[in-house]
Amino acid sequence: MPNNSNDEKPALSGLGLPELLECLKASDLAEYKIKQIHSWLYAKYAGSFAKMTDLSISEREFLETNFKISALKQLDCQISKDGTKKYLFSLDQSDKYVESVFMKFQNRKELSVCVSSQVGCAVGCKFCATSFVNFKRNLTSQEIVDQVMSIQRDNNVRIGNIVYMGQGEPLLNTKEVIKSIKVFNYSVGIGGRHITVSTSGIIPGILELAKANLPITLALSLHAGDDELRNSLMPGVKIYTIKDTFEALDHYYEITKRRITIEYVLLAGVNDTIDQAKKLAKLISKLNCHVNLIPYNPINEISDTITFKRPSHEAQEAFKAVVETSGRKVTSRLERGKDISAACGQLHNKYLVSN
Ligand code: SF4
C-alpha cells in the first residue's frame, strides 16, 4: 500500500460498498471489517479513522496512513438567517471548486442538500452565476456523494432529500450522476422518491436516465414558452427544440411513471408576460407534470452585464393564474438563503474574486 501525503491519499467517503471493497482489496482487511468501515462512514458519519473503535488500533493506523476520509476540502460555509448553509469545497488539491447548499424547509421533515455535478457549466444560461465559471470537468460519483456526506458530518444530522441543482448540468455527466444516485440509495439510505435531477433539457441524457428507470423526479428547467426566447436565455441547449424536449419527457414518463417537474425562473419583463404564460400553459397541458415558478434571485453583484430583475408579487400571481388554466398544479418555490448568495455559482465567484 502506498504511503502518500494526505492530499494524495485515496478518499473513502462517497464510495459505494462494491467500490470500497475494491479500494481496500489489497489490504489485509477482512470483508466484514470493510463493511464496518462502510457503516462508520454512512450510518455514523465518522470524520476520522480514530473513531472507528470496533477496528483494532493497528487497522485504524493502517487506514490513517494510507487513506483519508473525505474527497473534498471545506473552504467556506455561509449561514443564512433562515438556517440555510452554503458550502464551498475544493477538489483534488486544485483550483477547482464546487458548491453545495444545505436547506431546512418548514413544510418538509427531511433536510435537503442541493449538490453540484460539474465544476463550472458549459450551458451558459444568461441568468445564472455558474455561467461565469468556465466548464472545467465532470465530478465523479464519489465527489457528488461526498458533498452530502461532508454536510452530514459537519452538522451531525441525517439528510433525507437530494436535488441535483447546483453547479453544472447533471445530464452532461449522466453516467456519474446515475452511479451517485445508486450510492445515495444503497449506502446513504436516501430513496429515489427523495431525489430530484434538474436538467436544462439535454435530450440524450433524458433518454439515458429513462433507460436507467430510477424512481427519482426529473425536473426540466424550461424558463420560456417558445424556442426563440429559450434560445436567447439558454444558448447551450438551442440544438434541442422545446417540442423534441417534451417528447423526451413524455418518453421518460412512459418508462418511469414518475411525474415531471417543470421549473420556470420568472425574470421581470422578459419571460413573465401573459403571452409567455399562455404559451407555457399550452405546452404543459398534455404532459403529466407540475410547474414550479421561481422568482429570480438577482446576481448583479457578480457582473454588471446581468441586469435581470425579480418580478413584482402581482406579476408573479398574474403569471401563475394563467398557467393554472392548463389544469396542472402550479406552485411557487419557497426560497432559501437569499441573503447568502444561494443561487448556484455565486459563492464560487465571490471566492475567486476575493482570493
Ligand atoms: S442554470 Fe444550470 S445549466 Fe444553466 S448555466 Fe447554470 S448550472 Fe448550467
Side-chain angles (χ1 to χ4, degrees), residues 86-89 91 96-101 113-139 143-144 147 162-174 176-177 180 195-206 208-209 217-224 227 229-240 242 245 248-249 260-267 270-271 291-303 305-308 310 333 335-337 341-352:
K86 180 144 185 172
Y87 287 84
L88 184 72
F89 297 109
L91 308 169
K96 298 183 183 68
Y97 309 111
V98 288
E99 300 172 0
S100 322
V101 182
V113 169
C114 173
V115 293
S116 293
S117 54
Q118 298 182 309
V119 182
C121 183
V123 178
C125 301
K126 299 291 184 198
F127 46 82
C128 171
T130 298
S131 62
F132 288 87
V133 184
N134 290 334
F135 171 73
K136 297 205 176 82
R137 72 165 173 84
N138 285 329
L139 297 192
E143 289 164 339
I144 296 171
Q147 293 170 56
I162 308 288
V163 286
Y164 288 73
M165 225 175 258
Q167 267 182 47
E169 164 50 65
L171 297 189
L172 288 175
N173 185 19
T174 314
E176 292 301 307
V177 163
S180 67
I195 296 176
T196 298
V197 172
S198 175
T199 179
S200 56
I202 307 295
I203 293 179
I206 295 172
E208 201 178 333
L209 200 58
T217 299
L218 177 62
L220 173 74
S221 294
L222 185 61
H223 312 324
D227 283 318
L229 180 58
R230 189 161 200 265
N231 293 347
S232 71
L233 292 172
M234 305 173 72
V237 286
K238 65 181 175 196
I239 53 169
Y240 307 115
I242 293 179
T245 308
L249 295 179
I260 309 289
T261 297
I262 301 292
E263 306 272 6
Y264 197 104
V265 170
L266 287 166
L267 307 164
V270 177
N271 67 356
V291 179
N292 202 0
L293 300 177
I294 309 149
Y296 181 62
N297 194 16
I299 56 167
N300 312 45
E301 63 191 79
I302 303 300
S303 166
T305 59
I306 298 188
T307 52
F308 295 116
R310 184 187 184 86
R333 189 199 286 172
E335 288 176 285
R336 313 306 294 169
S341 319
C344 62
Q346 287 187 32
L347 185 57
H348 185 145
N349 286 323
K350 271 191 182 168
Y351 190 81
L352 289 181

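All values below were derived from every heavy atom in this structure, side-chain atoms included, with hydrogens, water molecules and symmetry-related copies excluded. Numbering of ligands and ligand atoms starts at 1, following listing order. Everything quoted here is computed from the prediction, not taken from an experiment.
Shown here are the ring pair (Phe, Tyr, Trp, His ring centres under 6.0 Å) partners of Phe89, two or more places apart in sequence or in another chain: Tyr87. Not counting sequence neighbours, Asn134 has no partner by the side chain to side chain contact (heavy atoms under 4.5 Å, CB included) test.
For atom 4 (Fe) of ligand 1, the choice among Pro235, Cys125, Gly166, Pro170 with the nearest heavy atom turns out to be Cys125. Which of Cys128, Gly201, Gly168 comes nearest to atom 6 (Fe) of ligand 1 through a heavy atom is settled by distance: it is Cys128.
Judged by distance alone, the side chains of Thr199 and Glu169 do bring a donor and an acceptor atom under 3.5 Å apart.
The Gly124 neighbourhood of ligand 1 comprises atoms 5 (S), with distances under 4.0 Å to a heavy atom of that residue.
Using a cut-off of 2.8 Å, one finds that Cys121 contributes an N/O/S atom close to atom 8 (Fe) of ligand 1.
With Thr130 as the fixed residue, the side chain to side chain contact (heavy atoms under 4.5 Å, CB included) test singles out one of Ser116, Cys125, Cys121: Cys121.
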